[in-house]
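One structure is given here, and the rest of the page talks about it.
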Amino acid sequence: MKVKSWLPLLLLVLVISACGPSKKNLSEQITSLEKSVYSADPKNFKESGDTLLTLYTRFIQKYPEDSMTIKYTFNAASIAMNLDKSKEALDLFDRFIVKYPQNPRAPVCLFFKGFIFENQIKDLDKAREIYLSFLEKYPNNDFADDARSSLANLGKSPEEMVAAFEKKQKADSARIADSVRKIKGYTKK
């Protein structure tokens with residue numbers, strides 16, 4: 001009989017403890033860890049970044065309509081990307097784009113998806129598709145030049161990019177020299 005009288009109390013304790021920290025407590029943990037992560041030595045980023053990502057994800061899942069969820073979703077996606085957790089980052093960026101399409105960070109999320117496909121997953125066709133979509137939707141965004149540059153250099157090795165840059169600089173220098181000669185009245189003989 002005693003066991004039956006303690007059973008409801010035990011269930012209540014289990015339910016309360018399973019719920020985890022309150023929204024306020026969870027928010028305070030995130031704020032504290034953010035200060036630590038963003039000011040930490042990059043060598044320690046992985047461990048504290050993983051923990052912060054877990055807290056962000058927990059908040060996003062428990063409080064999807066809270067005003068902080070917008071910020072936490074973007075931050076979680078960025079942390080996941082920097083931890084090379086490509087799938088998780090892509091899922092979070094997609095969630096942000098779908099749920100907050102008018103937010104000023106939505107274009108950045110789309111650009112970062114291209115970046116992940118290009119640099120982490122190495123799916124250049126998908127990266128090209130995303131960069132082109134980004135340029136079509138946001139041709140004047142601050143990241144538009146980066147998207148164009150990424151498209152121009154897609155699949156090139158660092159050596160190939162340096163060689164192309166040097167060739168362009170040489171051509172630009174010759175063009176400028178020709179323009180200066182014309183302005184000063186010199187002609188080629």
Side-chain angles (χ1 to χ4, degrees), residues 18-42 44-156 161 165:
C19 292
S22 69
K23 181 164 64 169
K24 182 180 180 209
N25 188 12
L26 187 54
S27 236
E28 288 170 354
Q29 287 177 347
I30 288 171
T31 300
S32 174
L33 194 53
E34 281 176 334
K35 290 176 187 168
S36 168
V37 167
Y38 295 126
S39 65
D41 181 351
N44 299 328
F45 176 75
K46 173 140 179 48
E47 183 179 315
S48 52
D50 277 332
T51 304
L52 183 56
L53 181 58
T54 299
L55 293 177
Y56 281 144
T57 303
R58 186 175 303 150
F59 190 97
I60 293 164
Q61 290 169 347
K62 288 184 80 169
Y63 310 105
E65 301 307 318
D66 189 273
S67 63
M68 292 303 291
T69 299
I70 296 170
K71 175 185 174 191
Y72 291 168
T73 302
F74 182 82
N75 290 355
S78 299
I79 295 264
M81 179 178 66
N82 286 306
L83 290 170
D84 288 333
K85 294 184 174 196
S86 305
K87 168 107 174 69
E88 195 168 352
L90 290 170
D91 289 345
L92 287 160
F93 283 133
D94 280 336
R95 177 187 180 114
F96 193 99
I97 291 166
V98 168
K99 197 157 183 178
Y100 315 109
Q102 301 306 315
N103 187 285
R105 291 180 175 165
V108 178
C109 292
L110 184 58
F111 175 82
F112 282 151
K113 282 182 60 180
F115 177 87
I116 291 168
F117 276 104
E118 176 185 5
N119 296 291
Q120 293 177 356
I121 298 175
K122 308 292 187 207
D123 184 340
L124 301 183
D125 291 333
K126 186 68 175 174
R128 178 178 290 106
E129 175 187 321
I130 292 170
Y131 287 139
L132 289 171
S133 174
F134 173 87
L135 289 171
E136 183 179 308
K137 290 179 182 177
Y138 312 107
N140 299 315
N141 185 277
D142 290 343
F143 281 84
D145 287 340
D146 297 304
R148 287 183 196 94
S149 178
S150 294
L151 281 168
N153 294 307
L154 213 53
K156 292 182 182 175
M161 288 189 294
F165 178 76

key: Residue pairs passing the salt bridge (charged side-chain N to carboxylate O under 4.0 Å, His left out) test where at least one lies in residues 50-61, sequence neighbours excluded   = Lys46-Asp50, Asp50-Lys85

query = Does Met68 reach the side chain of Ile30, with side-chain heavy atoms less than 4.5 Å apart?
reply = no

query = Which value, rounded to the nearest 0.5 Å, describes the distance between Phe134 atom CZ and Phe115 atom CZ?
reply = 14.0 Å

ask   = Can you name the side chain to side chain donor-acceptor pair (under 3.5 Å) partners of Lys156, sequence neighbours left out?
value = none

query = Which residues satisfy the ring pair (Phe, Tyr, Trp, His ring centres under 6.0 Å) test with Phe117, sequence neighbours excluded?
reply = none

ask   = So, Glu118 side chain and Leu154 main chain: donor-acceptor pair closer than 3.5 Å or not?
value = no

note = Residues at least two apart in sequence or cross-chain that pass salt bridge (charged side-chain N to carboxylate O under 4.0 Å, His left out) with Glu136, listed by chain then number, are none

inquiry  = Under 3.5 Å, is there a donor on one side chain and an acceptor on the other for Tyr72 and Ser27?
reply    = yes

ask   = Say you draw a straight line from NZ of Lys122 to CG of Leu124; how long is it, rounded to the nearest 0.5 Å?
value = 8.0 Å

request  = Determine whether Pro107 and Lys137 make a side-chain contact, defined as any pair of heavy atoms from C-beta on separated by less than 4.5 Å.
outcome  = no

inquiry  = Just so I know, are the side chains of Leu26 and Tyr63 near enough to count as touching, which here means a heavy-atom distance under 4.5 Å?
reply    = yes

ask   = Listed by chain and number, what are the side chain to side chain donor-acceptor pair (under 3.5 Å) partners of Glu88, not counting sequence neighbours?
value = none

message = Strictly by salt bridge (charged side-chain N to carboxylate O under 4.0 Å, His left out), give each pair with a member in residues 93-117 just once, sequence neighbours left out.
response = Glu65-Lys99, Asp94-Lys113

message = Taking the six-membered ring for Trp, are Phe111 and Tyr138 closer than 6.0 Å centroid to centroid?
response = no

Salt bridge (charged side-chain N to carboxylate O under 4.0 Å, His left out) involving Asp123 - partner list, sequence neighbours excluded = none

inquiry  = Measuring from atom CG of Leu52 to atom CD1 of Ile79, what distance do you get when rounded to the nearest 0.5 angstrom?
reply    = 4.5 Å

query = Got a sec, which residues hit side chain to side chain donor-acceptor pair (under 3.5 Å) with Asp146, two or more places apart in sequence or on another chain?
reply = none

request  = First locate atom CD1 of Ile97, then atom CZ of Phe74, and finally report the distance between them rounded to the nearest 0.5 Å.
outcome  = 10.5 Å

Counterpart residues, salt bridge (charged side-chain N to carboxylate O under 4.0 Å, His left out), relative to Arg128 (two or more places apart) = Asp125

task = Sequence neighbours left out, what passes side chain to side chain contact (heavy atoms under 4.5 Å, CB included) with Ala77? Give chain and number order.
result = Leu92, Phe93

ask   = Which residues pass the side chain to side chain donor-acceptor pair (under 3.5 Å) test with Asp145, sequence neighbours left out?
value = Arg148

key: For Glu129, all residues meeting salt bridge (charged side-chain N to carboxylate O under 4.0 Å, His left out), sequence neighbours excluded   = Lys126

ask   = Once you round to the nearest 0.5 Å, how far does CD of Glu28 lie from NZ of Lys23?
value = 12.5 Å

message = Taking side chain to side chain contact (heavy atoms under 4.5 Å, CB included) as the criterion, tell me which of Thr54, Thr69, Thr73 meets it with Phe59.
response = Thr69

ask   = Quick one: are Leu135 and Leu151 in side-chain contact, heavy atoms under 4.5 Å?
value = yes

inquiry  = I need the Glu47 CD to Leu83 CG distance, nearest 0.5 Å.
reply    = 11.5 Å

